[in-house]
Amino acid sequence: MTQLPKKHLFDIPEGMIYLDGNSLGPLPKGAAERATKTLTQEWGTQLIKAWNTADWMALPQKVGDRIAGFIGAAPGSVATGDTLSIKVYQALAAALKMRPDRRVILSDTGNFPSDLYMAQGLISTIGKDYELRTVAPEDVAEAITEDVAVVMLTEVDYRTGRRHDMTELTARAHQAGAVMIWDLAHSAGALPVDLTGCNAEFAVGCTYKYFNGGPGAPAFIYARPDILLEVEPALSGWLGHDAPFAMEPGYRPAMTTERLRVGTPPIVQLSILDAALDVWDGVSMDEIRGASVALCESFITEVEARCPQLTLASPRDAVVRGSQVSFAFEEGYPVMQALIERGVIGDFRAPNILRFGFTPLYIDQDDVIAAAKVLEDVMTSESWKDPKYQVRSRVT
Ligand SMILES: *Cc1c(COP(=O)(O)O)cnc(C)c1O
């Protein structure tokens with residue numbers, strides 16, 4: 001069995017307890033080294049030759065295959081690049097084309113706004129007779145009716161950590177004849193995912209959260225291998241072409257998952273991500289999940305005992321909770337600012353959510369207790385009432 005955590009593999013400032021790896025993972029030491037190598041030994045000395053000599057052209061697929069291993073997907077079924085919002089758009093556009101007689105995209109009101117915005121933007125491009133229908137998360141199963149073309153859900157709710165049952169909802173979608181898209185933004189690298197087993201047509205996710213790929217790290221998209229050739233790329237860029245360097249005037253999609261690529265891959269970010277994934281060597285997702293549940297349970301117990309002012313906003317049952325714990329408090333924003341100033345980093349999500357991510361690679365039980373004590377002190381002393389904590393930054 002591996003020793004968790006692996007804090008020594010990360011550059012985390014002394015004295016900081018980082019409970020925001022669900023939003024932006026910290027810097028793995030090997031990633032900084034790899035970035036320097038990519039910049040100086042590859043770009044700096046080989047210049048354009050590096051596409052071949054440093055094998056840059058193979059990097060998007062190499063990293064895609066590594067991600068596939070974390071989400072229960074077959075090698076070759078995951079493409080990388082762009083951002084998650086773009087990948088949501090691609091999956092949605094392709095899924096709608098697979099059900100030409102239907103006009104409804106079904107999602108839930110807890111979904112991350114960008115996923116809903118991309119659906120709205122796509123609808124305004126393809127025609128007003130399409131409809132984005134959102135229902136409360138607990139009502140999704142019943143709302144999958146026979147007019148639904150696509151069910152688009154995020155497994156773990158970014159605010160509360162509430163988790164959908166991927167297998168059950170995918171089966172419901174298929175029973176009703178709909179295509180299923182899962183957003184794994186808060187699942188990939190957080191808990192075991194079995195894409196092959198759940199049989200969804202598409203999945204998307206990002207790599208700057210639990211995979212620690214750094215700000216702006218590339219997203220990923222999965223298409224189920226047996227439907228790949230039905231997938232019509234809406235963003236038909238040259239690197240999704242079957243023969244990009246033939247420079248043909250007409251688009252012909254690649255016969256592989258590469259058809260879900262668009263343009264030039266972000267090589268610096270991909271190399272950072274490739275190195276960041278090395279941190280996981282020898283760790284299983286089951287082991288991560290076990291440790292994550294233990295950390296979350298302790299945090300809930302400690303905070304409820306110490307801070308009666310806060311209300312648990314995450315499910316109490318670990319089975320239906322992701323790798324984060326959220327508490328509701330009217331004045332959540334200044335409370336979080338006071339915590340951050342004292343070295344406990346979580347984040348605030350409007351309107352009233354204090355959000356804490358638990359990442360067993362670099363967080364342990366001592367961190368949980370220490371963080372809960374700081375939170376107790378901020379609440380009891382009411383130090384959060386200092387007007388300086390009311391000032392809102394652009395990013396909360
Ligand atoms: C983090 C997150 C995003 C962010 O999308 P980007 O295009 O990478 O900025 C989108 N959807 C969900 C569900 C997320 O959690």
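What you see below is based on every heavy atom in this structure, not just the backbone, and it leaves out hydrogens, waters and symmetry mates. In listed order, ligands and their atoms are each counted from 1.
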- [ ] Kindly indicate whether the side chain of Arg355, heavy atoms from C-beta on, has any atom under 4.5 Å from the side chain of Phe327.
- [x] no
For a quick test of your reading: what N or O donor-acceptor pairs under 3.5 Å do the side chains of residues 177-192 make, sequence neighbours left out?
residue	atom	partner	partner atom	Å
Trp182	NE1	Thr170	OG1	2.8
Asp183	OD1	Ala185	N	2.8
Ser187	OG	Glu155	OE1	2.7

Task: Partners meeting ring-ring contact (aromatic ring centres under 6.0 Å, His included) with His241 (sequence neighbours left out) - done: Tyr251
- [ ] Indicate yes or no: does Asp147 engage Arg133 in a salt bridge with an N to O separation below 4.0 Å.
- [x] yes
TODO: With a 4.0 angstrom cut-off on heavy atoms, strictly below it, pick out the residues next to ligand 1 and order them by chain and number.
DONE: Thr83, Leu84, Ser85, Phe112, Asp115, Thr154, Asp183, Ala185, His186, Tyr208, Lys209
Open item on the list: Would Lys209 and Phe112 count as a cation-pi pair here, with the cationic atom under 6.0 angstrom from the ring centre and within 45° of the axis?
Closed with: yes
- [ ] Please name all residues satisfying salt bridge (Lys or Arg N to Asp or Glu O under 4.0 Å) with Arg102, sequence neighbours left out, ordered by chain then number.
- [x] none
